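Order of the sequence lines fixes the chain letters, A, B, ..., with proteins taken first and strands second; residue numbering starts at 1 for each chain. Please read these numbers as outputs of a predicted model, since none were measured by experiment.
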2 protein chains.
Amino acid sequence: MNGVNEPSRRPSRAEQRRGTETRILEAARRSFAELGYERTTIRAVAAAAGVNGGLVMHYFGSKEELFSRAAKLAPDEVAAGTPDEVAGALLELLRKRLVDEPVASLAVLRSMLTHADAAEDFRAAAVRRLEQLTAVIPGTDAELRASVLNAIINGVLVERYLLRLGRLADASPDEIVDLLRPCFQSLTGRDQAM
Amino acid sequence: MNGVNEPSRRPSRAEQRRGTETRILEAARRSFAELGYERTTIRAVAAAAGVNGGLVMHYFGSKEELFSRAAKLAPDEVAAGTPDEVAGALLELLRKRLVDEPVASLAVLRSMLTHADAAEDFRAAAVRRLEQLTAVIPGTDAELRASVLNAIINGVLVERYLLRLGRLADASPDEIVDLLRPCFQSLTGRDQAM
DNA sequence: AGTTTCGGTCAACGCACGTATAATGAACGG
DNA sequence: CCGTTCATTATACGTGCGTTGACCGAAACT
């Protein structure tokens, strides 16, 4: 009667656990991204994941720990090259984020703004990313340029996904990236005295 | 014994009231800017203003209302002109914000990200500002350009004052503005087919 | 003067949250 | 088949918050 291809075996305890754990993490990510750290409640996350609130505590120990686990994201590297290449790489990075709307990085971003303490780890990660970006930009003010580039990327993401303001909220990634290319090329030091 | 020029008259009730009210509003602005909407507590604001918590309620009725009153800010107009002039005007606007670190606009910005409901009014204001900016930018994609410009301004402010990340946190306004000039000129449509 | 108005304090309520702990029942290992 | 483990639930505790209403005392008014 039931599907033949189905294993139909009841999931093992380990599978079960992994399953609910990721369901909780996904729900948490969504909530942190949409509501920020403070307004995200453990009970609501649990409900969205279809489990009891106590379980979230049992698995993650505390809200802060849940946040850390939910908002972990792979560091994005940007290779060295000519200014235009660096600009291109950064724009590709931005495009990727615009295309798949990375819930995790939104969770970090929004939560860094709502509860800096909770996002202390991510400050460190952001600083590292800045340093790395600085290293591939020429000029004496590379540090500032990197910082501004970072600010623009975050600004665009914030306005599109968090504030949902203006055309940036619905424009195609390609339009946005194309519009920003001259900006990025200027900031990565295209007309810099080497 | 006391200063001769001092009126030394005890302040009238109306003066008294206005005084404490503005003290409360200032304290609220600072708190909203630094902590965001959620983490700002009425009691803390009251304490910072040197009054009792109940009084804040008495004067403003609710936390939301306090926020609305505290975060009111004058709309900033940007005059029409050539693309380079518009860019210049926008940069001046940014410079002003970088120089006097406008607590009010930070309060709005941070709170729009922490509690969108509370900042509904300010969304409307932001939309109006965007429309106005769109009107002075040439080209068919003026709307998107305006939105991106707005995103950059907010991104820079967020990174400098809210995240305090990288060199943007301590660089001089002039440096920042100079660095962004080419960006803004490109976005205001300097090389646009009219 | 007496009375009203009103800036301001104080103590309390109700609620929602993070968290802790005990209990349940099914999977697991022998 | 029995004891253990462990995923999961139910319940309760403590706290801090927004909000309320009663109260006090001095200014304002007549």
Chemist: Can you work out whether B/A14 or B/G54 has the more 5'-proximal nearest nucleotide on DNA chain D?
Modeler: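 Nearer the 5' end of the strand: B/G54.
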Chemist: Ignoring backbone atoms, test whether B/Q16 places a side-chain nitrogen or oxygen under 4.0 Å from the OP1 or OP2 oxygen of D/dA26.
Modeler: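 For B/Q16, the contact criterion (side-chain N or O under 4.0 Å from OP1 or OP2 of D/dA26) is not met.
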Chemist: Under 4.0 Å: is that the gap between some side-chain N or O of A/S12 and OP1 or OP2 of C/dA27?
Modeler: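 Looking at the OP1 and OP2 atoms of C/dA27, neither is under 4.0 Å from any side-chain N or O of A/S12.
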Chemist: Return no unless some side-chain N or O of B/T41 is found under 4.0 Å from OP1 or OP2 of D/dG16.
Modeler: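 Checking D/dG16 against B/T41, no side-chain N or O comes under 4.0 Å of OP1 or OP2.
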Chemist: Let's see if you can work this out: which of C/dG18, C/dG7, C/dA12 has an atom nearest to the side-chain heavy atoms of A/R43?
Modeler: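 Nearest nucleotide to the side chain: C/dG18.
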Chemist: How many Å lie between CD1 on B/I24 and P on C/dG7, as a whole number?
Modeler: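 In whole Å, C/dG7 P and B/I24 CD1 are 11 Å from each other.
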Chemist: Could you check how far CZ of A/R18 sits from P of D/dT8, rounded to whole Å?
Modeler: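 The answer, rounded to whole Å, is 12 Å.
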Chemist: Write down the distance between CZ (B/R17) and P (C/dT5), rounded to a whole number of angstrom.
Modeler: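 Atom-to-atom, B/R17 to C/dT5, this comes out as 16 Å.
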Chemist: Using a cut-off of 4.0 Å on non-hydrogen atoms, how would the nucleic acid contact of B/R13 be classed: base, sugar-phosphate, or nothing?
Modeler: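 Base: the residue B/R13, judged by heavy atoms under 4.0 Å, touches a nucleobase.
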Chemist: I want to confirm an ordering. Mapping A/H58 and B/R39 to their closest nucleotides on DNA chain D, which one lands closer to the 5' end?
Modeler: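 Residue closer to the 5' terminus by nearest nucleotide: A/H58.
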Chemist: Report yes or no: do A/V45 and A/L35 belong to one cluster of Ile/Leu/Val/Met/Phe/Trp/Tyr joined by side chain heavy-atom distances under 4.5 Å?
Modeler: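 No, A/V45 does not connect to A/L35 through the hydrophobic network.
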Chemist: Write down the distance between CD (A/E15) and P (C/dA26), rounded to a whole number of angstrom.
Modeler: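 Atom CD in A/E15 sits about 19 Å away from atom P in C/dA26.
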Chemist: Starting from P on C/dC6, measure out to CD on B/E21 and report it in whole angstrom.
Modeler: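 Between P of C/dC6 and CD of B/E21: 14 Å.
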Chemist: When the distance from CE of B/M57 to P of D/dC17 is rounded to whole Å, what number comes out?
Modeler: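 Atom-to-atom, B/M57 to D/dC17, this comes out as 12 Å.
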Chemist: Please tell me if A/Y59 has a side-chain N or O lying less than 4.0 Å from either OP1 or OP2 of D/dC6.
Modeler: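 Checking D/dC6 against A/Y59, no side-chain N or O comes under 4.0 Å of OP1 or OP2.
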Chemist: Round to a whole Å and report the spacing from CD of B/E38 to C1' of D/dG18.
Modeler: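 The answer, rounded to whole Å, is 12 Å.
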Chemist: Could you check which of C/dT9, C/dT19, D/dT9 has an atom nearest any side-chain atom of A/L55?
Modeler: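 Out of C/dT9, C/dT19, D/dT9, the nucleotide with an atom closest to A/L55's side chain is D/dT9.
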Chemist: Kindly write out the residues that satisfy side chain to side chain donor-acceptor pair (under 3.5 Å) with B/E92, not counting sequence neighbours, or none if the list is empty.
Modeler: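 Partners of B/E92 under the side chain to side chain donor-acceptor pair (under 3.5 Å) test: B/R95.
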Chemist: If only atom types and distance count, is the side chain of A/R164 paired as donor or acceptor with the main-chain N or O of A/A169 below 3.5 Å?
Modeler: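 Not confirmed, A/R164 side chain does not pair with A/A169 backbone.
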Chemist: Could you tabulate the donor-acceptor pairs under 3.5 Å formed by side-chain atoms of residues 68-78 of chain B, not counting sequence neighbours?
Modeler:
unit_1	atom_1	unit_2	atom_2	d
B/S68	OG	B/E64	O	3.2
B/R69	NH2	B/E21	OE2	3.2
B/D76	OD2	B/R97	NH2	2.6

Chemist: Would you kindly give the CG-to-C1' distance between A/N52 and C/dA20, to the nearest whole Å?
Modeler: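 Distance, rounded to whole Å: 13 Å.
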Chemist: Does A/I153 reach the side chain of A/L149, with side-chain heavy atoms less than 4.5 Å apart?
Modeler: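 They are not in contact (no side-chain heavy atoms under 4.5 Å apart), so the answer is no.
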Chemist: Taking any heavy-atom pair under 4.0 Å as a contact, classify B/I42: base, sugar-phosphate, or nothing.
Modeler: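 Contact class for B/I42: sugar-phosphate only.
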